[in-house]
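The structure appears below as structure tokens.
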Protein chains: 2
Amino acid sequence: MTYCVGMVLDKGLVFMSDTRTNAGLDNISTFRKMTVWEAPGERVITLMSAGNLATTQAVVSLLDERSKSPSERVPTVLASPSMFQVARTIAETMREVIEQHGDEGQRSDSPFGATLIVGGQIAGSPPRLFMIYPEGNFIEAGEDTPFFQIGEMKYGRPILVRAYDPAMAFEDAIKLLLVSFDSTLKANLTVGAPFDYHCYEADSLRIGPHGRIGMEDRYFQSVSKDWGDALKDALDSLPAFSFPKKGS
Amino acid sequence: MTYCVGMVLDKGLVFMSDTRTNAGLDNISTFRKMTVWEAPGERVITLMSAGNLATTQAVVSLLDERSKSPSERVPTVLASPSMFQVARTIAETMREVIEQHGDEGQRSDSPFGATLIVGGQIAGSPPRLFMIYPEGNFIEAGEDTPFFQIGEMKYGRPILVRAYDPAMAFEDAIKLLLVSFDSTLKANLTVGAPFDYHCYEADSLRIGPHGRIGMEDRYFQSVSKDWGDALKDALDSLPAFSFPKKGS
């Protein structure tokens, strides 16, 4: 399993992904699920993936044109004229990969599917964010749906729904996401730290603040520890319930 | 879908269930999913169910011995000598019902399974709480797992994990559960108000405070409304995140 969130803010785009991959519960590894392409001053594109690791890695490799010699490589996503076209190219690449594995060779019980979040900006257009389904179709984030979650999304959703605010600063978005990831972590063993993040600042056309936050990170530890108390205080702040009197 | 929670507190047992039943998204009804049996001064047993409504209703009917004439009925759960035996009787009844539907007559794509929470107290023993799986086996709540959720449990779980406290008052437990149910409600259309609750006070051996809380309930409305603000305040109360400086 996996947990990734992509968010549209007034200030730009925020991405966070976990890094746990498992084939069964006894085969757990750490893999990067976030890929960033940059043509400084012209475009920045961030891709996150949930699902079959072989599929998502093959998609990234094909997009990077790693089948060609290094000197001939121009990643396809760096050549597409628009973010819509980028999403379409990625979706088509994934569909090809899945079809290939689905039709040929040995069969597997576990599905080859993957779900992707891709967002970024190309000079001349605003930042855009898409979610791509395993079937190859995709949807775009808008005012009504300003963020996408993929993977194990349920545990971490309520806090996002309640606390998301398009006007929030990147720092607050990272805090919110860490709380959402922490809730997920506590409930599902197949989502695990460290977490990769990337904050893309609108119109910068450069990779923004990014990094990796691990379990040993002091800030994450304090968020994880303090959040329980903060939630209890929040509950206490609500009006008290009283049982209706009999006969009333 | 459904959402039910059963909780062990120092003061007794708390139960809450939603009432939405759906066969497809266009066929939504309200059904009671909570059944309480009482032999005043001797025992009180509360049962909640998630899953196939026909199955769970058949289980309750069989437990009530509704196949007999009213004068001959002695609900089986009122005759069992211990709560463990009550759980076993209910589990066996459910297994019978599922097997019957599974082997005979027309087949259906949707499973006949159901998951149950049953808790209560019989004079001479402490209150006990069980979760019964569709397969007919069951587990008991203990110190490490002091509450059970059935149905659509993921959205409402993080707040329970964080804020549950065995020493809490019934009123606070209801408040906590309403927040948990509200989070679920906001995310899954197939969980719906009104919510039924029952607070069984340990050693009372009588039905405790119980009732139904609907969307129009003023207290529920204020919890639902204020919780968003309380969560935002809770987030604000956490230390601010700052991006690591380059080169550090």
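Each chain gets a letter, A, B and so on, in the order the sequences are listed, and its residues count up from 1. Just so it is clear, the values below take in all heavy atoms, side chains as well, and ignore hydrogens, waters and symmetry mates. For clarity, every value in this text was computed on a predicted model and none was experimentally measured.
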Side chains of residues 165-174 of chain B: which donor-acceptor pairs under 3.5 Å do they make with residues two or more places apart or in other chains?
| residue | atom | partner | partner atom | Å |
| --- | --- | --- | --- | --- |
| Asp165(B) | OD1 | Ala167(B) | N | 3.0 |

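- Heavy atoms of other residues, nucleotides or ligands lying less than 6.0 angstrom from NZ of Lys11(B) number 12 at most.
- Only the side chain of Ile213(B) comes within contact range of chain A, judged by heavy atoms closer than 4.5 Å.
- Comparing Leu178(B), Leu176(B), Val161(B) by heavy-atom pairs within less than 4.5 Å of chain A, the highest count is held by Leu176(B).
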Report all side-chain donor-acceptor pairs from residues 141-151 of chain A shorter than 3.5 Å, counting only partners two or more places apart or in another chain.
| residue | atom | partner | partner atom | Å |
| --- | --- | --- | --- | --- |
| Gln149(A) | OE1 | Arg157(A) | NH1 | 2.6 |
| Gln149(A) | NE2 | Tyr3(A) | OH | 2.9 |
| Gln149(A) | NE2 | Met153(A) | O | 3.1 |

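- Under the side chain to side chain donor-acceptor pair (under 3.5 Å) criterion, Glu140(A) pairs with Arg128(A), not counting sequence neighbours.
- Close approach to chain B, defined as a heavy atom under 4.5 Å from one of its heavy atoms, is seen in Ser224(A), Asp226(A), Trp227(A), Gly228(A), Ala230(A), Leu231(A), Lys232(A), Ala234(A), Leu235(A), Asp236(A), Ser237(A), Leu238(A), Pro239(A), Ala240(A) of residues 224-240 of chain A, taken by number.
- Side-chain contact between Ser242(A) and Tyr219(B) is absent, with no heavy atoms from C-beta onward closer than 4.5 Å.
- Asp182(B) is listed as a side-chain neighbour of Arg162(A), based on a closest heavy-atom distance under 4.5 Å.
- Between the CD1 atom in Ile159(A) and the OH atom in Tyr155(B) there is a gap of 15.0 Å [rounded to 0.5 Å].
- In this structure the side chain of Tyr197(A) reaches within 4.5 angstrom of the side chain of Phe243(B), judged on heavy atoms.
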